[in-house]
Amino acid sequence: MPSATDIISAAVERALGAPAMLRPCADPKFGDYQANGVMAVAKQRKENPRALAEKVIAQLDLNGVCEKPTVAGAGFINFKLLPEFIAQQLSEPVAKTAKPQTIVLDYSGPNVAKLMHVGHIRSTIIGDSLARVARFLGHRVITDNHIGDWGTQFGMLILGWKQFRNDTALAADPIAELERLYKHVNAQENLREAAKQELVKLQQGDAENLTIWKRIIELSEQQFDATYARLGVRFDHTLGESFYNPFLADVVRELQQRGIARESDGAICVFVEGEETPLIIQKSDGGFGYGTTDLATVKYRVETWHPDLIVYVTDARQQLHFKQVFATVRQWLPNPPALEHITFGSILGEDRKPLKTRSGENVKLAELLNEAEERALTVVTQKNPELPEATRKQIARAVGIGAVKYADLSQNRTTDYIFSWDKMLALDGNTAPYLQYAYVRIQSIFRKAGTEWEAPQRPDSRGTEAAPTLELTHPSELELAKQILRFSETLNATLADYKPNWLTGYLYDLAGKFSVFYDNCPVLQSAEPVKSSRLTLCRLTAYVMKQGLNLLGIDVIEQM
RNA sequence: GCGCCUGUAGCUCAGUUGGAUAGAGCAUCGGAUUUCUAAUCCGGCGGUCGCGUGUUCGAAUCACGCCAGGCGCGCCA
């Protein structure tokens, strides 16, 4: 069954002959949804917008869906859903997409031999959330972690490994030792040539250097895995840059033969229209850069998974690069998939200056997560000292990690991100714990309900059984029900514009509306049939909250 | 110099692509609990949407010009 917005949109569109531009009402007093499309059409046809709106309304048949639509203001049409219709809609599951696509999502992409720091968090968390939403809506999603496991830094790493390695330090903290080796070699001018020689040997397939290289990657992947496990992030594939090495020469040859690339100042370049600087696909010394790797990666993905769309989640600084790569792909491949670069702002310090990678001032991701969990544990212990320690720690984990993720996801990704411990780890206001708390209160109701109410399903399941008839009479019941109804449209909007902050905003409103309902509408003390109706409302809220948080990569807990 | 992004309440930010009286959180001030978890709820205070000119029924949103900050601009990724 189509959703409320689908039904109304389609009806208006048919009557108007143009997009309905249906939105939630700016102010609830106008109704639930407003159609703005009439005014645009009236302007174009030079008609009176209010008269046109009346004509449109006369052609609408929305019996059983909403009250008679009204014209207001400059030509808005307002719709107010009927409680019976809302109740009926709530028994329907969230609609899957009508046209499933194959989507490759490329995010996180940390570098080997480096610690993961706060700079990696946005790509990882935003990408993971978008993957979850797309998958939930019924798309075929392939996630691929394009790690930086190849490049000039390996010359220095291998040299350092051979000459300066401290095995005790390596055993204790492999990545810290690798970072030390890199810095040590990099700092010494006289070692540069030797490092370059090690790199050349690696590229030529020298057995010893290959073994060291593999070992370094292995150690790095152990670190990545540990971090991803804490964050609950997983990838279908981890095909790093090195995977594409065998294809690079062919890519260059083909682009040259096709006349897409040409020699310039000794390098092989692709000049993209509108850009002065080219994409360099082969350096004058014969080496390949990441531009070539990215091109080979697109080709591999196209041939392997046949995606309709490839999405890259990286910071905004790579815009020019991806613009050039995408333009090249469109000239090169016969039926190129849609390519999207989803950007986000830089991470700034509290002084609004960028947190620089080289400075060593980076906040390590692992430390951030530790501190998040510690702060959460303090609060849990303070609120609920009687809970066993293991339980408190488990709660602290969900709350702490959830708070960090939510702080990131709830912000519009395009703006720069000012890093602040307090902001990242805040536990009140518009934060994940507020949403988790709403869920906990519902779970508590169901625990208390116990045998009194025979839950046909677990309270967090949506349930497909015939739900008790919903009696939506109290205003806060109605408000809550309508909010639940908007889950589906919110997910579609979130994916369409790649903006997880719309989902966080929606869930925050849901939690707020539930809290008002909770204050105003006793559940267990009510007489039937109100009690069953309210329990159903609770069950649906719990379902949407749990599912919604899951799509953000945030766990729920049963008590806190 | 050219290009991209940002500028909204004291602070941190939303604002569904041009819609109705610009909204939250934090901070601050006040109120609510014999009732299902008060990590809650209700209310007050707080605005020249960086500045200016334009486009039109209507602009935080679009165009142009300034101002301020950030990022990018051939062989690093």
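All values reported here derive from a predicted model rather than from experimental measurement. First the proteins, then the strands, lettered A, B, ... as listed; each starts at 1. Reckoned from all heavy atoms, side chains included, excluding hydrogens, waters and symmetry mates.
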*asked:* Looking at B/U37, I'd like to know if its phosphate oxygens (OP1 or OP2) sit under 4.0 Å from a side-chain N or O belonging to A/Y439.
replied: no

*Which residues satisfy the ring-ring contact (aromatic ring centres under 6.0 Å, His included) test with A/F487, sequence neighbours excluded?*
A/Y506

_Results of salt bridge (Lys or Arg N to Asp or Glu O under 4.0 Å) for A/E477 - residues two or more places apart only_ = A/R534

What pairs of nitrogen or oxygen atoms, one from the protein and one from nucleotides 4-10 of chain B, lie under 3.5 Å apart?
unit_1	atom_1	unit_2	atom_2	d
B/C4	O2'	A/Q319	OE1	2.7
B/C4	O2'	A/Q319	NE2	3.4

*Taking only residues two or more places apart in sequence, or in another chain, which ones meet A/W502 in a ring-ring contact (aromatic ring centres under 6.0 Å, His included)?*
none

*Got a sec, which residues hit salt bridge (Lys or Arg N to Asp or Glu O under 4.0 Å) with A/K499, two or more places apart in sequence or on another chain?*
none

_So, using salt bridge (Lys or Arg N to Asp or Glu O under 4.0 Å) as the criterion, who are the partners of A/R253 when residues are at least two apart?_
A/D250

*Starting at the 5' end of RNA chain B, what dot-bracket string do you get if Watson-Crick and G-U pairs under 3.5 Å are bracketed, crossing pairs use [ ], other-strand pairs use | and unpaired bases use dots?*
(((((((..((((.....[...)))).(((((.......))))).....(((((..]....))))))))))))....

*With sequence neighbours left out, which residue pairs that include part of residues 41-50 of chain A fulfil the salt bridge (Lys or Arg N to Asp or Glu O under 4.0 Å) condition?*
A/R45-A/E47, A/E47-A/K55

*Residue list, side-chain contact (heavy atoms from CB on, under 4.5 Å) with A/R397, at least two apart or on another chain*: A/E373, A/I401

*Sugar-phosphate only, base, or nothing, as touched by A/S264 at under 4.0 Å among non-hydrogen atoms*: base

*asked:* Students often get this wrong, so: under 4.0 angstrom with heavy atoms, is A/V516 touching a base, only sugar-phosphate, or nothing?
replied: sugar-phosphate

*So, is A/W502 near the phosphate of B/G15, with a side-chain N or O under 4.0 Å from OP1 or OP2?*
yes

*Nearest to the side chain of A/R441, which nucleotide is it out of B/C75, B/A39, B/U40?*
B/U40

Are there any protein N/O atoms within less than 3.5 Å of an N/O atom in nucleotides 20-25 of chain B, and if so, which ones and at what distance?
unit_1	atom_1	unit_2	atom_2	d
B/A20	N7	A/Q34	OE1	3.1
B/A20	N6	A/Q34	OE1	3.2
B/A20	N6	A/N78	OD1	2.5
B/A20	N6	A/N78	ND2	3.4
B/A20	N1	A/N78	ND2	3.3
B/U21	O4	A/K29	NZ	2.2

*Just call it for A/M39: base, sugar-phosphate, or nothing, with non-hydrogen atoms closer than 4.0 Å on any strand.*
base

*Taking the six-membered ring for Trp, are the ring centroids of A/F30 and A/F76 within less than 6.0 Å of each other?*
no

*Report yes if a side-chain nitrogen or oxygen of A/Y434 is closer than 4.0 Å to either non-bridging phosphate oxygen (OP1 or OP2) of B/U37; otherwise report no.*
no

*Verify the contact: side-chain N or O of A/K383 to OP1 or OP2 of B/A39, cut-off strictly under 4.0 Å; return yes or no.*
yes

_Over all strands shown, is A/E276 touching base, sugar-phosphate only, or nothing at heavy-atom distances under 4.0 angstrom?_
nothing

*asked:* Heavy-atom nearest nucleotide on RNA chain B for A/N412 versus A/D285: which residue maps closer to 5'?
replied: A/N412

*Under 3.5 Å donor-acceptor pair, A/K323 side-chain atoms to B/G3 base atoms*: no

*Toward the 5' end of RNA chain B, by each residue's nearest nucleotide, A/A493 or A/Y518*: A/A493

*Do the side-chain N or O atoms of A/K283 get closer than 4.0 angstrom to the phosphate oxygens (OP1, OP2) of B/C76?*
yes

*Taking only residues two or more places apart in sequence, or in another chain, which ones meet A/D32 in a side-chain contact (heavy atoms from CB on, under 4.5 Å)?*
A/K80, A/L81, A/K482, A/R486

*For A/A398, what residues pass the side-chain contact (heavy atoms from CB on, under 4.5 Å) criterion, not counting sequence neighbours?*
A/Q436, A/D555, A/I557

*Is a side-chain N or O of A/W213 found less than 3.5 angstrom from the main chain of A/D149, in a donor-acceptor match?*
yes

*Mind checking A/G505 for me? I need base, sugar-phosphate or nothing, with any heavy atom below 4.0 Å counting as a touch.*
nothing

